[in-house]
Amino acid sequence: MQPIRTRFAPSPTGFLHVGGIRTALFAWLVARQSGGQFVLRFEDTDQKREVAGARQHLIDSLRALGLVYDEGPDIGGAYAPYVQSQRLDHYRIWAQRLIDAGRAYADPYSSAEVDAFRQQARTDKQAFLYRHHRPEQPPVWDGSQPLRFRSEPQPYKWHDEVMGDLSTGAEVIDDFVLIKSDGFPTYNFAHIVDDAEMHIDLIIRGQEFLASVPNYLNLYEALELTPPRMATVPHILGPDGNKKLSKRDGAKDVLDYLRDGFHPDALINFIASLGWNDATEQEIFSRQQLIDSFALDHVQRSGARFDERRLEWMNGSYLRSLAPGDIYTFCQDFWPVEALESSDDYKRQVLSLVQERLKFGAELPELTRFFFVDLPLNPELISGHKQLKKLSTDELRTLLLSAQSSLSQSDFSVDDLSARLNHLLEISGQKPAVLFSLIRIATTQAAASPGLADTLAVLGPERSLRRLQAQLDALTDLN
RNA sequence: GGCCUCAUCGUCUAACGGUUAGGACACCAGGUUCUCAUCCUGGCAAUUGGAGUUCGAUUCUCCAUGAGGUCACCA
């Protein structure tokens, strides 16, 4: 396989959401798979839309997900700079070539005049084409007017790595703006120059650019450039709508997912599988497996909905597979505040019990708080229990007293606790649903917890017996 | 309105003319001595509609419908 150079070229106008990440991921996968390079480039030609901090945010997001780029704004490379606002001289040179060849001209109209043309087209229920108003004797371009491309409309057929063979008629080709009156190039012009100069082999981008491709092809011809291969990926849709995923649809910053305790590998796996699969029934892919098996022609042509529940399942699957040391490291920032004073050893024991029920890191506090602090007694856990609510207070006390006397003799190893709990089951004649539930509730005051013997063993004798006593006291007060 | 693209279970998808239309998530039921979860077993559930082509269409063609994109001195 020939090495393929790909790029991710976001504009620093906001945070990076899953749609953007997916484009970056696919480009990264192709580069890694082929032994090529993955390039990051900032397309910051619209100063008005720039958002403070967005550049660093993009870099942080890619880093956090492990989408390491080989060349980019902050690390340089053979074709630096990788920031369009620092490449204006490059665009000037290519623009001059077009002017000299008679393929670019100054736009003499005011924006109000162009708007009027546009309005007329709308009234006539037609697509707006500037070239219908192309001036016969345009003024010499002095940089104060927009510079427009003099297109040569014709039909095009081309191949898209994802969408397949595409074609359009000449009616979609227009004289678009190359350089704005503020001196900055448009995306339409700048990306073509940059991709050519940076020797990008394959462009992967969202479907919002699909309609512009014929114009690009026309410009490539005027520039005497061979177009790179192109791949168009459909948008990721919101969870309940059909709209393109946006912040108000619940699209979150990928860093938010990381902050909530989603594992980068799981996030990568999930986003890759959103619209792509290798035609097998495999669902979980390691990073290397993704690199090995990814193929653009297996990317879905229709948009996919973002299903957070599936992400949670996948993340849980990843967390369960982590080795004890790795899950411990992963969870470091998610412990409840009450765990602050606890030893590493104790926290490791707790984690070994809750690892299999953790879907993402931010769930850790609610799952583990009772291991670190005595929760307030919650009478509803008993009064609302379908078995326990049938028992009298005296019966509950009797059961707890026998549990107390047996457990106080225990060394609190899991084996001994299990043996004693089984014995209690026999002598009390109660079902596990009654006896174990009661002891579990008394010692955790939590709606859910890991297995009883395991939980007691981690809690230890002091905490367990104290909580048993507290439950007894509460039941006594009721009498 | 013009142009382009898309269309399989609720969701993500497999089946590149022949399958009882497969898998996963979610959901439901049962099992794993208690809860929650894991794990196991089972269940529910789809080819947008209509014409063609063909011995045979999820698959090819056309039309309809629906959805998305685009028609910026934004990317």
Nucleotide nearest [X] when distance is taken to its side chain, options [options]:
{"X": "A:Gln207", "options": "B:C4, B:G68, B:A15", "value": "B:G68"}
{"X": "A:Leu274", "options": "B:C4, B:C74, B:C12", "value": "B:C12"}
{"X": "A:Met163", "options": "B:G69, B:C3, B:C6", "value": "B:C6"}
{"X": "A:Ser11", "options": "B:A75, B:U38, B:U33", "value": "B:A75"}
{"X": "A:Phe128", "options": "B:A72, B:C34, B:C74", "value": "B:A72"}
{"X": "A:Ala304", "options": "B:C6, B:C36, B:C12", "value": "B:C12"}

Quiz item: So, does the side chain of A:Ser181 form a donor-acceptor pair with the base of B:C73 at under 3.5 Å?
Solution: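 Side chain to base: pair found, below 3.5 Å.
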By the 4.0 Å heavy-atom rule, please label [X] as base, sugar-phosphate, or nothing.
{"X": "A:Glu43", "result": "sugar-phosphate"}
{"X": "A:Arg148", "result": "sugar-phosphate"}
{"X": "A:Glu171", "result": "sugar-phosphate"}
{"X": "A:Pro10", "result": "nothing"}
{"X": "A:Asp174", "result": "nothing"}
{"X": "A:Thr45", "result": "sugar-phosphate"}
{"X": "A:Phe209", "result": "base"}
{"X": "A:Gly275", "result": "sugar-phosphate"}
{"X": "A:Ser449", "result": "base"}
{"X": "A:Thr232", "result": "nothing"}
{"X": "A:Leu367", "result": "nothing"}
{"X": "A:Gln300", "result": "sugar-phosphate"}
{"X": "A:Arg301", "result": "sugar-phosphate"}

Considering every strand shown, what is the Watson-Crick or G-U wobble mate of [N] when both distances are under 3.5 Å?
{"N": "B:A15", "value": "none"}
{"N": "B:A46", "value": "none"}
{"N": "B:C34", "value": "none"}
{"N": "B:A67", "value": "B:U5"}

Within less than 4.0 Å of OP1 or OP2 of [N], is there a side-chain N or O belonging to [X]?
{"X": "A:Lys180", "N": "B:A72", "answer": "no"}
{"X": "A:Ser273", "N": "B:A24", "answer": "no"}
{"X": "A:Arg118", "N": "B:A72", "answer": "yes"}
{"X": "A:Asn277", "N": "B:U13", "answer": "no"}

For [X] and [Y], take the angle between the two ring planes, folded into 0 to 90°, and tell me which bin it lands in: parallel under 30, tilted 30 to 60, perpendicular over 60.
{"X": "A:Phe372", "Y": "A:Trp335", "value": "perpendicular"}
{"X": "A:His133", "Y": "A:Tyr109", "value": "perpendicular"}
{"X": "A:Phe26", "Y": "A:Phe294", "value": "tilted"}

Quiz item: Quick one, which residues of residues 371-389 of chain A touch RNA chain B with a heavy atom under 4.0 Å?
Solution: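 By residue number: none to list.
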Quiz item: Ion pair present between A:Asp194 and A:Arg87, side-chain N to carboxylate O less than 4.0 angstrom?
Solution: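 Yes.
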Quiz item: Looking only at atom types and distance, does a side-chain atom of A:Arg131 sit under 3.5 Å from a main-chain N or O of A:Ile173, one as donor and one as acceptor?
Solution: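 Here the side-chain-to-backbone pair exists.
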Quiz item: Which of these passes ring pair (Phe, Tyr, Trp, His ring centres under 6.0 Å) with A:Phe262: A:Phe270, A:Tyr257, A:Trp313, A:Phe334?
Solution: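 Option passing the ring pair (Phe, Tyr, Trp, His ring centres under 6.0 Å) with A:Phe262: A:Tyr257.
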Quiz item: Expressed in angstrom and rounded to an integer, what is the separation of A:Gln120 atom CD from B:G2 atom C1'?
Solution: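 It works out to 15 Å between those atoms.
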Quiz item: Can you tell me how far C1' of B:G68 sits from CZ of A:Arg305, to the nearest Å?
Solution: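 For the pair A:Arg305 CZ and B:G68 C1', the rounded distance is 11 Å.
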Quiz prompt | Gap in Å between the two P atoms, one belonging to B:A51 and one to B:A57, rounded | solution =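 Nearest-Å result for B:A51 against B:A57 at atom P: 12 Å.
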Exercise. Let me see the working for A:Asp195 and A:Arg7 under salt bridge (Lys or Arg N to Asp or Glu O under 4.0 Å), right down to the final yes or no.
Key: CA-CA 8 Å; A:Asp195 287 337; A:Arg7 46 75 159 180; 2.7 Å; yes
Interface polar pairs with nucleotides 26-29 of chain B, N/O, under 3.5 angstrom:
from, atom 1, to, atom 2, distance (Å)
B:A26, O2', A:Arg309, NH1, 2.8

